[in-house]
Amino acid sequence: MGKNVVVKGAYGEANFGDDALMCTIENFFITNDLSLNVDFCGSSSDYCQRLLRKSGYVDANDNKRTAVDVLIYGGGTQFFLFNSNKGGFYLKLFWKLLTDNPALLVKKVINKFAPPPPVPAKKSVGLGLGLGPFNPENDRIEQVKTLVGQMDLLYVRDDTSLSYCKDWGYEAVNEGADICYSSFLNYDKAVAKNGVDHHNGQKRKKIGVIVRDWRYENGGNAYQDTLLKMVDEQKDAGYEFTFIIFSSLRDVEWKKLITERGYPCLEWDPFKSRIEHFMDKLDAFDGFITARYHGGVMASLLNKPVVCIGIEPKLGILTQQVKGFRLWDMPFRADDLRQAMKVFDEKDFDCSDSVNTLRKKADAMFDSLHQYLCEL
């Protein structure tokens with residue numbers, strides 16, 4: 001009988017980025033046929049089983065699992081701490097949860113505000129993780145440090161996350177890349193050339209605006225008013241803006257506002273669409289302004305110019321990884337956005353070299369995971 005593997009992430013929240021992570025990881029297991037019993041684990045949602053082709057899906061609230069052989073933290077920003085200790089879905093998944101009796105532990109810690117209980121596991125792996133930001137005054141940071149330090153194999157997605165691990169004294173950490181940069185995304189239009197020839201020398205005018213509700217207390221949501229004013233003003237400059245919602249469950253305020261004002265809108269619906277179909281829709285745009293990290297990742301795979309909205313550090317990190325991307329950062333001034341949008345006028349924009357570099361890192365990360373699982 002094959003060993004049991006559970007892949008944990010922010011799955012089941014109808015977020016395109018996390019759904020793409022889930023499907024990319026499953027493609028890895030299907031391609032390599034490792035004779036493992038693989039389940040993905042996240043929020044309760046029927047659509048995940050629809051997106052998955054062969055794997056099982058487990059509700060994170062299910063406490064009745066026996067210990068699995070390997071728990072894989074499957075990409076994304078699973079470990080972060082903002083000022084108010086509200087930092088993330090996974091912050092109580094400290095190392096004891098990998099070995100202790102989960103039923104007993106749940107009785108001690110769970111309350112109406114508690115996250116779902118963890119998956120007990122003999123070993124754990126971090127794959128393409130983004131770490132931070134971490135407020136040093138947050139009293140949960142030691143739990144995060146301990147959990148990260150207990151991982152048997154750890155790959156982070158950028159040098160900032162790598163620096164966190166080094167600062168914590170963890171040397172057995174590797175820099176990979178975001179999971180969606182790997183070949184296992186299985187999207188054949190990735191890294192396509194779409195410069196002057198694609199546009200017949202014409203100005204890029206069809207711009208997707210990927211928005212995100214921001215509830216944390218670092219001022220990230222201040223971009224909203226300025227962005228809306230710029231969208232209305234720049235219509236006269238020949239741009240055609242379409243708002244894009246990656247998660248209708250999370251971006252409720254933006255969705256309401258877009259509907260009320262009658263803006264064109266494209267929305268990810270995992271109950272009806274698939275990853276590759278939504279990527280095709282994104283490919284129809286000439287460029288993007290994005291408040292979502294994976295909006296920038298997918299745009300780079302499609303070789304599109306991007307303005308990243310710096311509501312949190314990972315958007316800025318992405319602009320450092322992908323040559324040509326622009327950052328619109330706090331305090332979100334209108335003049336700064338106008339300047340950043342000049343990227344849409346660059347006829348020779350091409351970020352394929354950056355994407356190929358990230359792809360090599362992501363594929364090497366999956367090669368290491370393959371070797372690790374073969375040696376179980």
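- A side-chain N or O of D19 and one of W268 form a donor-acceptor pair less than 3.5 Å apart.
- Judged as a ring-ring contact (aromatic ring centres under 6.0 Å, His included), and not counting sequence neighbours, F344 has no contacts.
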Report all side-chain donor-acceptor pairs from residues 240-247 shorter than 3.5 Å, counting only partners two or more places apart or in another chain.
from, atom 1, to, atom 2, distance (Å)
S247, OG, E13, O, 3.2
S247, OG, R250, N, 3.2

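- Between D345 and K342, none of the side-chain N atoms (NZ, or NE/NH1/NH2) sits under 4.0 Å from a carboxylate O, so this pair counts as no salt bridge.
- I289 places none of its side-chain heavy atoms less than 4.5 Å from the side chain of I210.
- Ion pairing between K166 and E171 holds under the 4.0 Å rule for side-chain N and carboxylate O.
- Contact annotation: the side chain of W214 approaches that of E312 to within less than 4.5 Å [non-hydrogen atoms, C-beta and beyond].
- The salt bridge (Lys or Arg N to Asp or Glu O under 4.0 Å) pairs that include a residue from residues 154-163 are R157-D178, where partners are two or more places apart or lie in different chains.
- Contact check for M151 versus Y73: side-chain heavy atoms found under the 4.5 Å cut-off.
- Residues forming a side-chain hydrogen bond (donor to acceptor under 3.5 Å, both in side chains) with D280 (at least two apart in sequence, or on another chain): Y187.
- Using a 4.5 Å cut-off on side-chain heavy atoms (C-beta onward), Y181 and L301 make contact.
- R292 and D251 are joined by a salt bridge, as a carboxylate oxygen and a charged side-chain nitrogen come within less than 4.0 angstrom of each other.
- A donor atom on one side chain and an acceptor atom on the other are found under 3.5 Å apart for S183 and D363.
- Contact check on K122 versus D69 returns a salt bridge, with a Lys/Arg side-chain nitrogen under 4.0 Å from an Asp/Glu carboxylate oxygen.
- Salt-bridge annotation for E253 and R212: absent, with no side-chain N of the basic residue lying under 4.0 Å from a carboxylate O of the acidic one.
- Using the six-membered ring where Trp is involved, W168 and Y164 have ring planes that are tilted, between 30° and 60° apart.
- Using a 4.5 Å heavy-atom cutoff, the side chains of T259 and W254 are not in contact.
- We find that D213 and K255 are not joined by a salt bridge, their nearest charged nitrogen and carboxylate oxygen being 4.0 Å or further apart.
- In summary, K281 and E276 do not engage in a salt bridge, as defined by a charged side-chain N under 4.0 Å from a carboxylate O.
- Between the side chains of D329 and Y223, not a single donor N or O lies within less than 3.5 Å of an accepting N or O.
- Screening residues 221-230 for salt bridge (Lys or Arg N to Asp or Glu O under 4.0 Å), with sequence neighbours left out, gives no hits.
- Within the structure, ring-ring contact (aromatic ring centres under 6.0 Å, His included) contacts touching residues 291-329 (residues at least two apart or in different chains) are W328-F332.
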